[in-house]
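Comments concern the structure below.
As the structure is a computational prediction, the values presented were derived from the model and not from experiment. Whatever order the structure lists ligands and atoms in, that order sets their numbers, starting from 1.
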Amino acid sequence: MNADLVIVGSGLFGLTIAEQAATELGLKVALLDRRHHIGGNAYSENEERTGIEVHRYGAHLFHTSNERVWEYVNRFTGFTNYTHRVYTNHNGIVYPMPINLGTINQFFNAAYSPAEAKALIQEQAGELAGTDPKNLNDKGISLIGRPLYEAFIKHYTAKQWQTDPADLPASIISRLPVRYNYDNRYFNDKYEGLPVDGYTAWLERMAAHPNIEVHLNTDFFEEGHEYSRSKVIGQVPVIYTGPVDRYFDYAEGDLSWRTIDLEEEVLEMEDFQGCSVMNYPDATYPYTRIHEFRHFHPERDYTKDATVIHREYSRFAEKGDEPYYPINTGADRDMLLKYRDLAAGEQNVLFGGRLGTYKYLDMHMAIGAALSMFDNKLRPHFEKGQQIASGGIDA
Ligand code: UDP
């Protein structure tokens, strides 16, 4: 084997480790992916007929407040000044998301000041006053009151997660800010933008170091190539970013995941919906949202004759489906603890990324976690011979 380090999975976590190991330590890296391309779910390509860049595994919006991550990603790509804004179609009327003063006033047909709106929501959230909401249902009601929760969150969440919101962790909804002003930016982060020449160009630059050998269509768990599990484990350190339950042959059971189906349509018109993402929070629509990709790059000179949309449907992942989002019910969390124990016992194997840690990581979080793992575990190992004590899955 001609590698000092084997990385299973070429998503942003794996790519960051590969790039750092090659550039900083001069290591020879074998980067495996069972797909035909690198980049994991951040991969994009230009739709054939229109040339419009389409995110093949769901829309990816880059944002971060982490200075180190921002400096790091800018080594590989420039970013446009795209600012993500989302709208939502409830009962045939379009409102701005996330919930802000514009949404509240439109919903209640009113002109409340910030203080008046706060007082109203507080009153409507009063049924949960003084409690510490642990699940998504209670957290939602306590944040915005029952009427707004039922209009914009309840059915959307049920469609997206197919799990009773009372069984989902409150943290999922903490991702969504509620604002008592007219700011309708989707993200709060200091930096935000889309890679100027597309995701794939960015990701390919990360893997371009001559010490990184990319092996596509290569499944770590299948025999017949030199980097299969049986040949690699025990020989060189392994960074594993696939599903953690898969690594242990599902010994403790199957962690539950949500997958999405994207229905692509090319429409012969310049503009279908006037924005990049329109949510559909009502139970009457089977999809959760529609993406229109031309709006992610208003600076590009795209054709005016056609536009590309994806309708996004959400469902439980079965074996063989792509796992996207950890569902994280109580049963999942118990199971994860057992997988963490197993992972802690693996010598010279580190687990990372969304699938490897069963965590809802955004791109910037995956990159940040990979930079930390590199600094705290891999650099000390390769420079000073320090043992790679897994310590289990990074918590
Ligand atoms: N959400 C909702 N209504 C919306 C948008 C989001 O109820 O119109 C909730 C839903 O539970 C979702 C969570 O907020 O899972 C996080 O949404 P986000 O858009 O951040 O999810 P992602 O884009 O990562 O799928």
## Note on the structure
shortest atom 12 (C) of ligand 1-to-protein heavy-atom contact is with Gln160 OE1, 3.0 Å
### Query
In terms of atom number and element, which parts of ligand 1 are under 4.0 angstrom from non-hydrogen atoms of Tyr360?
21 (O), 22 (P), 24 (O), 25 (O)
### Message
Using a 3.5 Å cut-off on N or O atoms only, is Trp161 in polar contact with ligand 1?
### Response
yes
### Task
Please check if atom CG in Asn81 has more than 12 non-hydrogen atoms from other residues, nucleotides or ligands closer than 6.0 Å.
no
### Query
So Tyr285 and Tyr287, would you call those rings parallel, tilted or perpendicular, with 30° and 60° as cut-offs?
tilted
### Query
Which of parallel (below 30°), tilted (30 to 60°) and perpendicular (above 60°) describes Phe248 and Phe351?
parallel
### Message
Would you say CD of Glu48 has more than 12 non-hydrogen atoms from neighbouring residues, nucleotides or ligands within 6.0 angstrom?
### Response
no
### Query
Counting from 1, what ligand 1 atoms have a heavy atom of Asn279 closer than 4.0 Å?
4 (C), 5 (C), 8 (O)
#### Entry: Closest protein heavy atom (residue, atom, distance) for atom 9 (C) of ligand 1
Leu176 CD1, 3.8 Å
#### Entry: Selected option - heavy-atom contact closest to atom 11 (O) of ligand 1, from Thr157, Leu168, Asp362
Thr157
### Summary
Taking only non-hydrogen atoms of Ile153 and a 4.0 Å limit, the atoms of ligand 1 in range are 2 (C), 3 (N), 7 (O)
### Message
Need the ligand 1 atom indices (1-based, order shown) with element for anything under 4.0 Å from a heavy-atom of Phe152.
### Response
2 (C), 3 (N), 4 (C), 7 (O), 8 (O)
### Task
Please write down residue, atom name and distance for the protein heavy atom closest to atom 23 (O) of ligand 1.
Arg289 NH1, 3.0 Å
## Note on the structure
The atoms of ligand 1 lying under 4.0 Å from a heavy atom of Tyr325, numbered in the order shown, are 22 (P), 24 (O), 25 (O)
### Glu264, CD atom: more than 12 neighbouring heavy atoms under 6.0 Å
yes
### Query
Which of parallel (below 30°), tilted (30 to 60°) and perpendicular (above 60°) describes His63 and His364?
tilted
#### Entry: Least distance between heavy atoms, His297 atom then Glu53 atom
NE2-OE1, 3.6 Å
### Query
Which protein heavy atom lies closest to atom 18 (P) of ligand 1, and at what distance to 0.1 Å?
Tyr186 OH, 3.6 Å
### Query
Quick one: does Ile172 get a heavy atom under 4.0 Å from ligand 1?
yes
### Task
Kindly indicate, with the supporting measurements, whether the criterion side-chain contact (heavy atoms from CB on, under 4.5 Å) is fulfilled by Thr16 and Phe374.
CA-CA 9 Å; Thr16 302; Phe374 179 78; over 6 Å; no
### For atom 2 (C) of ligand 1, the protein heavy atom that lies nearest, with its residue and separation
Tyr156 CD2, 3.2 Å
### Task
Could you tell me whether ligand 1 has any atom less than 4.0 Å away from a heavy atom of Lys154?
no
### Task
Give me the ring orientation class for Tyr43 and His37: parallel if the planes are under 30° apart, tilted from 30 to 60°, perpendicular past 60°.
parallel
